[in-house]
Amino acid sequence: MPELPEVETIRRGVEPHVLGRSIVAVTVRDARLRWPIPAGFADYARGRSIAAVRRRGKYLIFDLGGDRILLHLGMSGRLYLLNPDEPLRRHDHVDLLLSGDLLLRFHDPRRFGAVLPWPAADSDHVLVAGMGPEPLEDDFSTAYLFRESRGRSAAVKNFIMDGRVVVGVGNIYASEALFRAGIRPTVPAGRVTLPRYQKLVEAIRHVLLTAIERGGTTLRDFRGSRGESGYFQNELTVYGRDGERCRVCGTPIRRLVIGQRASYYCPVCQK
DNA sequence: AGTGCGGCCTGTCCGC
DNA sequence: TGCGGACAGGCCGCAC
């Protein structure tokens with residue numbers, strides 16, 4: 001489900017409500033997520049208070065004052081802020097009951113998500129070690145992306161979706177950024193010129209920032225922590241628009257599969 | 001080392 | 001209305 005803007009939307013929605021609250025009780029109804037929730041997780045989390053909610057790529061990090069909880073929403077995960085008496089629904093896998101009668105509930109039909117302890121003693125976690133720069137930080141630069149791309153034969157779309165290159169750019173925003181930069185998604189990353197990478201870096205930043213401002217993209221089931229829809233889907237230029245006219249030149253948008261993922265582009269605007 | 005593919009899961013939608 | 005198949009916004013692990 002969520003790419004960086006959706007995860008950031010959730011982070012911003014959740015953090016002010018949970019900050020300073022302690023975890024009173026933990027219920028794990030189904031531990032079979034992408035990685036099993038360890039048996040000791042409830043004991044690990046109980047009694048701790050939440051000092052911050054951070055984001056790294058598409059991971060949410062609940063800072064318990066040193067120790068952390070690492071949480072990923074996968075494709076279909078949702079995080080809800082609820083009253084403690086909220087009825088249980090299918091796929092409600094983990095509950096964190098917080099002080100002051102607030103329930104933080106993890107719901108994930110496909111179970112591609114993850115909820116894992118990240119002890120303070122482990123300076124790095126294997127799942128976030130080796131990740132590329134944040135696309136909205138300064139170390140994600142034209143020079144960096146150009147340098148990383150040299151000699152790479154993979155399609156530029158796959159290249160910018162590679163989390164070791166840059167985090168948080170998923171299938172929707174990769175297509176959108178490449179349209180904005182005028183680059184065809186199939187071009188080998190190593191053949192894209194420096195000026196075009198400059199446009200691409202600008203485009204990735206613009207698309208992600210705009211999507212965050214709109215509260216993310218709701219296509220199927222993305223919702224914020226209070227169940228609200230995002231609005232960026234109204235501004236999609238190519239994603240999911242195959243056969244419809246390009247908003248710039250009127251040419252029908254094309255769909256093709258790159259790396260087993262649907263990709264959309266305008267054959268005239270993108271070379 | 002970089003690349004591409006399979007697989008993890010359930011829900012939904014589309015065509016027959 | 002029922003059924004099978006394709007597809008879905010992520011990403012690790014593996015073979016080449």
Side-chain angles (χ1 to χ4, degrees), chain A residues 1-10 29-37 55-60 70-79 89-93 106-116 125-132 135 147-178 185-191 204 207-208 211-212 214-224 229-243 255-264:
Chain A
M1 159 181 73
E3 302 186 32
L4 188 151
E6 290 71 42
V7 177
E8 180 61 22
T9 296
I10 290 166
R29 287 185 202 85
D30 194 339
R32 300 171 304 158
L33 303 182
R34 175 91 195 245
W35 293 275
I37 301 173
R55 181 186 57 75
R56 178 77 173 100
K58 298 170 194 169
Y59 285 91
L60 286 172
L70 193 60
L71 189 147
H72 199 290
L73 297 165
M75 295 264 273
S76 56
R78 290 195 200 178
L79 211 46
R89 294 179 313 167
R90 214 178 158 201
H91 310 303
D92 287 341
H93 303 313
F106 178 76
H107 169 99
D108 185 9
R110 292 172 74 179
R111 290 192 276 115
F112 285 5
V115 178
L116 294 166
H125 191 287
V126 64
L127 292 176
V128 296
M131 288 175 91
R147 188 179 349 114
E148 287 294 307
S149 69
R150 293 307 88 183
R152 306 269 304 243
S153 62
V156 63
K157 176 168 181 266
N158 288 346
F159 175 66
I160 60 172
M161 287 178 66
D162 183 341
R164 288 159 303 184
V165 173
V166 58
V167 298
V169 182
N171 204 35
I172 293 178
Y173 299 114
S175 279
E176 292 298 310
L178 287 164
T186 46
V187 179
R191 300 225 192 98
I204 289 171
V207 164
L208 294 178
I212 291 170
R214 303 291 185 274
T217 300
T218 297
L219 286 184
R220 286 170 187 79
D221 57 3
F222 169 71
R223 296 282 152 168
S229 167
Y231 293 95
F232 191 73
Q233 64 276 14
N234 302 320
E235 296 178 40
L236 294 177
T237 55
V238 286
Y239 188 85
R241 297 190 66 241
D242 52 315
R255 175 189 192 273
L256 78 166
V257 175
I258 307 171
Q260 299 168 292
R261 308 302 299 275
S263 309
Y264 302 87

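Every chain is numbered from 1, with letters handed out A, B, ... down the list of sequences.
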Practice problem: For A:Thr217, report the nucleic acid contact type (base, sugar-phosphate, nothing); a contact means any heavy atom under 4.0 Å. | Solution: base
Quiz item: Touch check for A:Tyr239, heavy atoms < 4.0 angstrom, all strands: base, sugar-phosphate only, or nothing?
Solution: sugar-phosphate
Tell me: [atom1] of [X] to [atom2] of [N], nearest whole Å?
X        : N      : atom1 : atom2 : result
A:Leu71  : C:dG10 : CG    : P     : 16 Å
A:Arg78  : C:dG9  : CZ    : C1'   : 13 Å
A:Arg34  : B:dG7  : CZ    : P     : 14 Å
A:Ile172 : C:dG9  : CD1   : C1'   : 5 Å
A:Phe106 : B:dC9  : CZ    : P     : 14 Å
A:Arg111 : C:dC12 : CZ    : P     : 19 Å

By nearest atom, which of the nucleotides [options] is closest to the [X] side chain?
X        : options              : answer
A:Tyr59  : C:dG9, C:dC12, B:dC9 : C:dC12
A:Tyr264 : B:dT3, C:dG10, C:dA8 : C:dA8
A:Pro109 : B:dT10, B:dT3, C:dA8 : B:dT10

Self-check item: Distance between P atoms of B:dC9 and C:dC14 (Å, rounded)
Solution: 16 Å
Quiz item: When rounded to the nearest Å, what value does the distance between C1' atoms of B:dT3 and C:dG9 take?
Solution: 23 Å
Quiz prompt | Nearest-nucleotide 5' precedence on DNA chain B, A:Gln260 against A:His91 | solution = A:Gln260
Quiz item: Considering heavy-atom distances to DNA chain B, does A:Gly151 or A:Arg90 have its closest nucleotide positioned more toward the 5' end?
Solution: A:Gly151
Quiz prompt | Ring-base stacking, A:Phe112 with C:dC11 (5.5 Å, 30° cut-offs) | solution = no
Quiz item: So what does the secondary structure string of DNA chain C come out as, 5' to 3', with Watson-Crick or wobble pairs under 3.5 angstrom, [ ] for crossing and | for pairs with another strand?
Solution: .|||||||.|||||||
Quiz item: Between C:dG10 and A:Arg261, is there an OP1 or OP2 to side-chain N/O distance shorter than 4.0 Å?
Solution: yes
Quiz item: Would one find a side-chain N or O of A:Ser76 under 4.0 angstrom from OP1 or OP2 of B:dT10?
Solution: no
Self-check item: Residue met sooner reading DNA chain C from 5', once A:Trp35 and A:Arg255 are mapped to nucleotides
Solution: A:Arg255
Practice problem: Report the residue (A:Leu127 or A:Arg110) whose heavy-atom-nearest nucleotide on DNA chain C is the more 5′ of the two. | Solution: A:Arg110
Exercise. Give me the ring orientation class for A:Tyr264 and A:Tyr239: parallel if the planes are under 30° apart, tilted from 30 to 60°, perpendicular past 60°.
Key: perpendicular
